[in-house]
Amino acid sequence: MKPLLSQLLASAVSSLQTQGDLPADTPVTINLERARDRRHGDFASNLAMVLCKAAGAKPRDLAQKLVAALPASDQMEKVEIAGPGFINFFLSDSAWHASLGQILQQRSLYGRSDLGAGKAVQVEFVSANPTGPLHVGHGRGAAYGACVADLLEAVGYKVHREYYVNDAGRQMDILATSVYLRYLDLCGETLTFPANGYKGDYVWDIAASLHRRHGDALRVNAQALFAEVPDDEPQGGDKEAHIDGLIERTRSLLGEERYRETFDLGLETILDDIRRDLEGFGVRYDEWFSERSLAESGAVQRAIERLGEAGHTYEQDGALWFRSTDFGDEKDRVVVRDNGQTTYFASDIAYHMNKLERGYERVIDIWGADHHGYVPRVKAALTALGDDAAKLDVLLVQFAILYRGGERVQMSTRSGEFVTLRELRQEVGNDAARFFYVMRKCEQHMDFDLDLAKSESSDNPVYYIQYAHARVASVFRQLKEKELSWNPDNGAAHLSRLSESHEDALMVNLSRYPEVVEAAALGHEPHQLAHYLRDLANEFHTYYNAHQFLVEDADLRDARLNLIAATRQVIANGLGLLGVSAPERM
RNA sequence: GCCCCGGUAGCUCAGUCGGAUAGAGCAACGGCCUUCUAAGCCGUGGGUCAGGGGUUCGAAUCCUCUCCGGGGCGCCA
């Protein structure tokens, strides 16, 4: 109904323009909002106040003219001018009844739109290094990214969901080496595990499968491996130099082929685990994009060359630098190190170049907030390459801190004792985890209360909303038990019987749903939908307690059943977009 | 030092492309189950929107300074 009112206002504006009350060249955006206070009607527009300067008239006078020029509509009961010049719209009952009919007719499609007109959008999210299982921090990015993608799809964009797999680079070499050292341990070698290695139990598991596959065939003498390697930190050395030395030795002692096999075994095992974890979390991808493939296809080289040809690189201290300061970055960045290796940043330039080459209208990256400093250099690179950096939207997700029993849950990634996403899902369930993660806007630091997420009470917003859905289902079960039936057509014909204030409030809220989905999608703010559903569930529970649905009067009963069926539908649709289930009974 | 995010009720947070009297949940207190699920509902109390200055018809919202909290500033990824 909002589109209808906007249309009416637009038509009033153009009448004023033909009459000469308003300059024809004034740019006009129709500003129309839900009124917060019902005394101000259902919708309010500040159009007259915005246009008064251009029109050279007082706001209230201009409002008067606009109202006079409004075309008639049977959905509009009256229009008032109030305060400094607000135009307040009061809708007729038939408007609410119409939107109720729409919900029951469109069912799961209610709230969807073609606003995006099928434009292609890419959403890249999580993209955690495959060096270990996902932890709770990744969970927020996963839940948020999935919702942003689903919302955009709901409003008509063609969405491509992608995970960038960092399957190249030093961190992966550290993983491969960690696996190999654990393997040597399983073979009976005695060694001191490096301070900087990956210590999680999953590394032992991978080492064990390597051992099952090869027995002791890959065994070397541990002393020989550690010989000539710089001391580790506990021995007064440098842990980075120590691990780099171990990587080098592992590589040469194993040989390239076997090293690669160890490396890939670790990669595949962990990636499989991440895939299963995300799938279990209801998060699906269209593509898992390999970083290594960029190097192998020459895309990284091509990106570096293109930067060079455009005159944006220079050599210094044996390394090749990108002059990103020319494009707003705070310092220049290395793309090729003095040892000849390209940096992670070089891959990322190639990756983003690749994204834009694929022709997306919009590219959305969802990163942890700790990567914020990385944004200017990626945009700088795109600009330097002649691409439109404005097409790239980087959404930064702040940290989530877990609380249990009022105490902060400690997470330590290094020791391998972090709380994994899988543990969280097992503890609180997928529904609560998905909902809690998107309940807050992404720029907000989040306190994740495990006890609350687990509690089966009204304190828990997830159960509160789901319970409203289950209650409607229960009413329909009761209907059958009482050997009554629901006639939706009869209900639709008697919607005027819905005259209680609770019923009005519910109908108004149900009609808001498409606007909420649109705002949540365009603003990348799933929390708006979460809050809306909480409100809607509240309206329903209030109504439920105040009135009986299964009444004798068949006309009233059918009308009320239409209303609660529509409520159930909207809750199911909304929860669906958040990745939360809508149970029939609880 | 520079950069990003935050500061709104006792707690956790909405509201922020300027709009009418700043909202919700929890916690506190008082009520409601012979009637469709009490995992629910109703009521009461609770505010210097961190602080100063500015912009204007109008500021929690925009600009600026200060204070406080979190994060980031590698030839790591």
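Chain naming here is simple, since letters A, B, ... match the order of the sequence lines and numbering starts at 1 in each.
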Exercise for the section: Can you tell me the distance, in whole Å, between the CG atom of Leu484(A) and the P atom of rC36(B)? Expected result: 14 Å
Exercise for the section: May I ask you to verify if any side-chain N or O of Gln444(A) is less than 4.0 angstrom from the OP1 or OP2 atom of rA14(B)? Expected result: yes
Practice task
Take atom CG of Asp338(A) and atom P of rC75(B), then tell me their distance rounded to the nearest Å.
Solution key: 10 Å
Practice task
Would you mind reading off the distance between Asp329(A) atom CG and rC3(B) atom C1', rounded to a whole angstrom?
Solution key: 11 Å
Handout entry: Nucleotide rG71(B), atom C1' - distance to NE2 of His371(A) in whole Å
Key = 12 Å
Completion exercise
Between CG of Leu533(A) and C1' of rA14(B) the distance, given in whole Å, is 14 Å
Fill in the blank from the handout: side-chain contact (heavy atoms from CB on, under 4.5 Å) with Pro194(A): of Ile174(A), Val229(A), Leu246(A), only one passes, and it is Leu246(A)
Practice task
Answer with yes or no whether His372(A) presents, from its side chain, a donor or acceptor under 3.5 Å of a partner atom in the base of rG71(B).
Solution key: yes
Completion exercise
The Watson-Crick or G-U wobble partner of rG45(B), with both key distances under 3.5 Å, is none
Completion exercise
Whole-Å distance, Ile401(A) CD1 to rU12(B) P, equals 11 Å
Completion exercise
Contacts of Arg585(A) and Glu330(A) projected onto RNA chain B by closest heavy atom; the upstream (5') one is Arg585(A)
Exercise for the section: When you get a sec, tell me which of rA20(B), rC75(B), rA77(B) is the closest nucleotide to the side chain of Ala82(A)? Expected result: rA20(B)
Problem - Pair partner, rC26(B) [Watson-Crick or wobble, under 3.5 Å] - result: rG10(B)
Problem - Given rA20(B), rC75(B), rA14(B), the nucleotide with the shortest approach to the side chain of Phe86(A) - result: rA20(B)
Handout entry: Closest to the Leu396(A) side chain, choosing from rC4(B), rA77(B), rA38(B)
Key = rC4(B)
Handout entry: Pairing partner (Watson-Crick or G-U wobble, both distances under 3.5 angstrom) of rG69(B)
Key = rC5(B)
Practice task
Using whole Å, report how far CD of Glu240(A) lies from P of rC76(B).
Solution key: 9 Å
Exercise for the section: Quick one: pull up CG in Leu563(A) and NE2 in His547(A) and give me the separation to the nearest 0.5 Å. Expected result: 11.0 Å
Problem - Base of rA20(B) paired with side chain of Asn88(A) (donor-acceptor, under 3.5 Å) - result: yes
Problem - Side chain of His531(A) - closest among rC36(B), rC13(B), rG15(B) - result: rC13(B)
Exercise for the section: Would you indicate, yes or no, if rU16(B) has its OP1 or OP2 atom less than 4.0 angstrom from a side-chain nitrogen or oxygen of Lys441(A)? Expected result: no
Practice task
Using only side-chain N and O atoms of Arg337(A), determine if any of them is under 4.0 Å from OP1 or OP2 of rA77(B).
Solution key: yes
Practice task
Kindly point out which of rC36(B), rC75(B), rA77(B) is positioned nearest to the side chain of Gln478(A)?
Solution key: rC36(B)
Exercise for the section: Identify whether any heavy atom of His541(A) sits under 4.0 Å from a base atom; if not, whether one sits that close to sugar-phosphate; answer base, sugar-phosphate or nothing. Expected result: sugar-phosphate
Problem - Spacing of Glu33(A) atom CD relative to rU61(B) atom P, expressed in whole Å - result: 17 Å
Practice task
Look at the side chain of Asp447(A) and decide which nucleotide, out of rC5(B), rC76(B), rC13(B), has an atom nearest to it.
Solution key: rC13(B)
Handout entry: Below 4.0 Å: OP1/OP2 of rU35(B) and any side-chain N or O of His547(A)
Key = no
Problem - Pair Tyr513(A), Glu518(A): side-chain N/O donor-acceptor within cut-off below 3.5 Å - result: no
Problem - Residue Tyr344(A), side-chain atoms from C-beta onward, closest of rC4(B), rC36(B), rA77(B) - result: rA77(B)
Problem - OP1 or OP2 of rC36(B) under 4.0 Å from side-chain N/O of Arg557(A) - result: no
Exercise for the section: Take atom C1' in rA20(B) and the same atom in rC57(B), then report the distance between them in whole Å. Expected result: 13 Å
Completion exercise
In Watson-Crick or G-U wobble terms, with both distances under 3.5 Å, the base opposite rA60(B) is none
Practice task
Taking only the side-chain nitrogens and oxygens of Asn460(A), find out if one of them lies under 4.0 Å from OP1 or OP2 of rC26(B).
Solution key: no
Practice task
Could you check Tyr543(A) against Phe549(A) for ring-ring contact (aromatic ring centres under 6.0 Å, His included), going step by step and ending with a plain yes or no?
Solution key: CA-CA 9 Å; Tyr543(A) 179 38; Phe549(A) 307 145; 4.9 Å; yes
Practice task
Tell me which nucleotide among rC41(B), rG74(B), rC13(B) gets nearest to the side chain of Lys331(A).
Solution key: rG74(B)
Practice task
Could you work out which one of rC76(B), rG74(B), rC36(B) sits closest to the side chain of Leu550(A)?
Solution key: rC36(B)
Problem - Interatomic distance at C1', rC75(B) relative to rU16(B), whole Å - result: 42 Å
Exercise for the section: Among rC75(B), rG25(B), rC13(B), find the nucleotide with the atom closest to the side chain of Arg440(A). Expected result: rC13(B)
Handout entry: Anti versus syn assignment for rC26(B), with syn defined as within 90° of 0
Key = anti
Practice task
Provide the distance between the two P atoms, one in rC3(B) and one in rG74(B), to the nearest whole Å.
Solution key: 15 Å
Exercise for the section: Establish, with yes or no, whether the OP1 or OP2 oxygen of rA77(B) is under 4.0 angstrom from a side-chain nitrogen or oxygen of Ser347(A). Expected result: no
Exercise for the section: For Tyr464(A) and His541(A), run ring-ring contact (aromatic ring centres under 6.0 Å, His included): C-alpha distance rounded to whole Å, both residues' side-chain angles, the deciding distance at 0.1 Å, then the answer. Expected result: CA-CA 9 Å; Tyr464(A) 186 83; His541(A) 287 308; 4.7 Å; yes
Problem - Distance between P atoms of rC17(B) and rC5(B) (Å, rounded) - result: 15 Å
Problem - Ring centre gap for Phe448(A) and Tyr437(A) strictly below 6.0 Å - result: yes
Problem - Test side-chain contact (heavy atoms from CB on, under 4.5 Å) applied to Met446(A) and Arg440(A), step by step - result: CA-CA 7 Å; Met446(A) 186 172 63; Arg440(A) 306 285 173 236; 4.0 Å; yes
Problem - Nearest-Å distance once atom C1' is located in both rU8(B) and rA59(B) - result: 14 Å
Handout entry: Watson-Crick or G-U wobble partner of rA39(B), both distances under 3.5 Å
Key = none
Problem - Rounded distance in Å between the C1' positions of rA27(B) and rU44(B) - result: 14 Å
Practice task
Provide the distance between the two P atoms, one in rG7(B) and one in rC29(B), to the nearest whole Å.
Solution key: 30 Å
Handout entry: Distance below 4.0 Å between Tyr464(A) side-chain N/O and rC41(B) OP1 or OP2
Key = yes
Handout entry: Ring centroid separation His312(A) to Phe327(A) under 6.0 Å
Key = yes
Problem - Same-atom distance (C1') from rU66(B) to rA22(B), integer angstrom - result: 25 Å
Fill in the blank from the handout: Of Tyr543(A) and Asn339(A), the one whose closest nucleotide on RNA chain B sits nearer the 5' end is Tyr543(A)
Practice task
Have a look at Ala470(A) and say if it touches a base, only the backbone sugar-phosphate, or nothing, with a 4.0 Å heavy-atom cut-off.
Solution key: base
Problem - ring-ring contact (aromatic ring centres under 6.0 Å, His included) evaluation trace for His502(A) with Tyr544(A) - result: CA-CA 9 Å; His502(A) 295 105; Tyr544(A) 180 96; over 10 Å; no
